[in-house]
Peer 1: 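Sending over a structure as structure tokens; questions will come in a sec.
Read the numbers this way: they start at 1 and go in the same order the structure lists the ligands and their atoms.
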Amino acid sequence: MRSVEWRDGTLRLIDQRRLPHELVILECDTPQAVAEAIRTMAVRGAPAIGAAAAFGMALAALRSPASDPMGLLRDLEAAAALLKASRPTAVNLFWAVDRMLRRATDERLGDPQALREALVAEAMRIAEEDVETNRRMGQFGATLIRDGDTILHHCNTGALATVDYGTALGVIRTAHEQGKRIHVLVDETRPRLQGARLTAWELLQLGIPFTVIADGAAGYYMRKGKVNIVLVGADRIAANGDVANKVGTYTLAVLAKEHGVPFYVVAPTSTIDLRTPNGDAIPIEERDEREVLEIEGIPIAPRGARAANPAFDVTPARYITGIVTEKGILYPPFDLHIRRALEPE
Ligand code: MRU
């Protein structure tokens, strides 16, 4: 199944909190349930969050008792505010909710039933486009991978983080499908362990050779010359090419530059936010300190210890070799090439 799936008027999500131990499906019937699934990271990863939020808007339309278009629009605006408050950094969430709202206003003069159907169809289009986009990025990105390469990867950017297939992990998948012999060094990705729990789970199923490493070991492998390329995803790319991604990404980028290792970001153009001029303007989510102080509910620090938990960091554009999008690979100067990539075709 897909990570984000619509079946008979219900949103079905693979509950990522339970992996790799259990494969559990979480069913969401209301926008409130979708917002909660995003907040608690049952669904996570920028494109997956975007698609889930789009279905949250479709659910808001289906559940609204309004019998006139204006009443329905008011309910949709309330759902949009709720969904947008669930997580702050991944811009795909805001992009998808705004696209659903635009669709709702297009249909304003139609009857509410037509509007409801149009919104379900739009959410399904967002989900389908995500899969298509990932496959295109896979094709572009795989040209960067040579037979025999060792790829360093951070967090989880696979089928779980998207509707299906994956962004950076999608590139790795495509290279593997092309018959290239590759090895993946999987950063465990503290504190939520998306690498050790989710990326390792996906790579095992795909039969792609990998080794999980502690986040702090990346420099060791780069210094030994064992890493040919670093591939990461993104939660928001600013207009100047600065990239917010899972905390620890910046460290990898600085290390990669020091060791002359190419550092690529793989993300759809829906992750680019032209309204954010640079990385300093990207809101960085601070999560509960317990995610650092505990692992799966078991305390690992002495009682009374406090922790800080920024979920993302910003990598300045100057550390990035290229950005793989569904429109091709963008190289510096990023501000210019990003603007060109987003111009209507
Ligand atoms: O906090 P998460 O797990 O939602 O963070 C996910 C990441 O940082 C991913 O690298 C990013 O969303 C790109 S996923 C295709």
Peer 1: Side chain to side chain contact (heavy atoms under 4.5 Å, CB included) with Arg306: which residues, sequence neighbours excluded?
Peer 2: Glu289
Peer 1: Is a side-chain donor-acceptor pair under 3.5 Å present for Asp235 with Thr89?
Peer 2: no
Peer 1: List for me each residue that meets side chain to side chain contact (heavy atoms under 4.5 Å, CB included) alongside Asp29, sequence neighbours excluded, and say none if there are none.
Peer 2: Thr10, Arg63
Peer 1: For Lys257 and Arg318, indicate whether the former's side chain and the latter's backbone hold a donor-acceptor pair under 3.5 Å.
Peer 2: yes
Peer 1: Is the charged tip of Arg236 near the ring of Phe94: under 6.0 Å from the six-membered ring centre and within 45° of its axis?
Peer 2: yes
Peer 1: Can you work out which protein residues put a heavy atom within less than 4.0 Å of ligand 1?
Peer 2: Met41, Arg44, Gly45, Ala46, Pro47, Arg87, Cys155, Asn156, Thr157, Ala161, Thr167, Gln194, Gly233, Ala234, Asp235, Asn245, Lys246, Phe312
Peer 1: Which residues end up grouped with Leu185 if you chain together Ile, Leu, Val, Met, Phe, Trp and Tyr wherever their side-chain heavy atoms are less than 4.5 Å apart?
Peer 2: Leu152, Ile213, Tyr220, Tyr221, Met222, Val227, Val230, Val232, Ile237, Val243, Leu252, Leu255, Val261, Phe263, Val265, Ile272, Leu274, Ile320, Ile323, Leu330, Phe334, Ile338, Leu342
